[in-house]
Visitor: 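The structure follows.
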Amino acid sequence: MFDFNKITIDQLSKTDLLAILQALDYTYEHTKIEQFLSLKDSIVTDMCKIADIKSQEDLIEVLMK
């Protein structure tokens, strides 16, 4: 079995990434477990930095195209 400490997102499509973000948001809204919101925010923050995008809304818009 492969042991890994990090996973890269370079193989994810925009559609897959958007689905992951929406799933994390949905799960947080229905469970109020902070780790789901924290993970979503962390992914969004990192993606905004990588893509030089200013806001979460702009990132979501790009992913929806």
Side-chain angles (χ1 to χ4, degrees):
M1 182 175 175
F2 183 73
D3 185 26
F4 53 87
N5 291 325
K6 290 187 176 188
I7 299 171
T8 62
I9 62 166
D10 61 342
Q11 297 299 317
L12 287 176
S13 69
K14 291 190 320 183
T15 304
D16 291 343
L17 182 57
L18 180 60
I20 291 167
L21 295 176
Q22 290 172 330
L24 289 169
D25 205 29
Y26 177 88
T27 304
Y28 169 73
E29 288 299 320
H30 287 84
T31 65
K32 300 300 183 201
I33 298 172
E34 290 292 323
Q35 286 90 345
F36 291 107
L37 183 61
S38 177
L39 178 57
K40 178 192 163 235
D41 289 345
S42 176
I43 291 170
V44 167
T45 299
D46 289 348
M47 290 303 300
C48 285
K49 286 179 187 175
I50 290 169
D52 195 27
I53 295 175
K54 305 274 187 263
S55 71
Q56 176 178 336
E57 293 79 19
D58 291 343
L59 175 65
I60 299 301
E61 186 177 312
V62 168
L63 294 175
M64 293 179 82
K65 289 182 183 177

Visitor: Ignoring hydrogens and angles, tell me if any N or O in the side chain of Thr31 forms a donor-acceptor pair with the backbone of Thr27 under 3.5 Å.
Guide: yes
Visitor: How far does CG of Asp58 sit from CG of Leu63, to the nearest 0.5 angstrom?
Guide: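 Interatomic distance, Asp58 CG to Leu63 CG, rounded to 0.5 Å: 11.0 Å.
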Visitor: Evaluate the side-chain proximity of Leu21 to Ile43: yes if any heavy-atom separation is below 4.5 Å, no if none is.
Guide: yes
Visitor: With a cut-off of 6.0 Å (strictly less than), are more than 12 heavy atoms of other residues, nucleotides or ligands near NZ of Lys54?
Guide: no
Visitor: Taking a hydrophobic cluster as the set of Ile, Leu, Val, Met, Phe, Trp and Tyr residues connected by side-chain heavy atoms closer than 4.5 Å, whether directly or through intermediates, do Val62 and Ile60 fall within one such cluster?
Guide: yes
Visitor: With Ser13, which residues qualify under side chain to side chain donor-acceptor pair (under 3.5 Å), at least two apart?
Guide: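 Residues passing side chain to side chain donor-acceptor pair (under 3.5 Å) with Ser13: Asp16.
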Visitor: On a heavy-atom basis, which atom in Tyr28 and which in Ile33 lie closest, and how many Å separate them?
Guide: CD1-O, 3.3 Å
Visitor: Quick one: closest heavy-atom pair of Met64 and Leu18, and the distance?
Guide: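 Nearest pair, atom of Met64 first, then Leu18: CG-CD2, 3.6 Å.
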Visitor: Please list, chain by chain and in numerical order, all residues satisfying side-chain contact (heavy atoms from CB on, under 4.5 Å) with Thr45, sequence neighbours excluded.
Guide: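 Lys49.
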Visitor: On a heavy-atom basis, which atom in Ser55 and which in Cys48 lie closest, and how many Å separate them?
Guide: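 The pair with the smallest heavy-atom distance is O-SG, 3.7 Å.
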Visitor: Distance check, rounded to the nearest 0.5 Å: Met47 atom CE versus Gln56 atom CD?
Guide: 12.5 Å
Visitor: For Leu59 and Ile53, which heavy atoms make the closest approach, and how far apart are they?
Guide: N-CG2, 3.6 Å
Visitor: Do Leu12 and Val44 sit in one hydrophobic cluster, given that two such residues count as connected whenever their side-chain heavy atoms are within less than 4.5 Å of each other, even indirectly?
Guide: yes
Visitor: Could you grab the distance from atom CG of Asp25 to atom CG of Leu39, nearest 0.5 Å is fine?
Guide: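 Nearest 0.5 Å value for the CG-CG distance: 11.5 Å.
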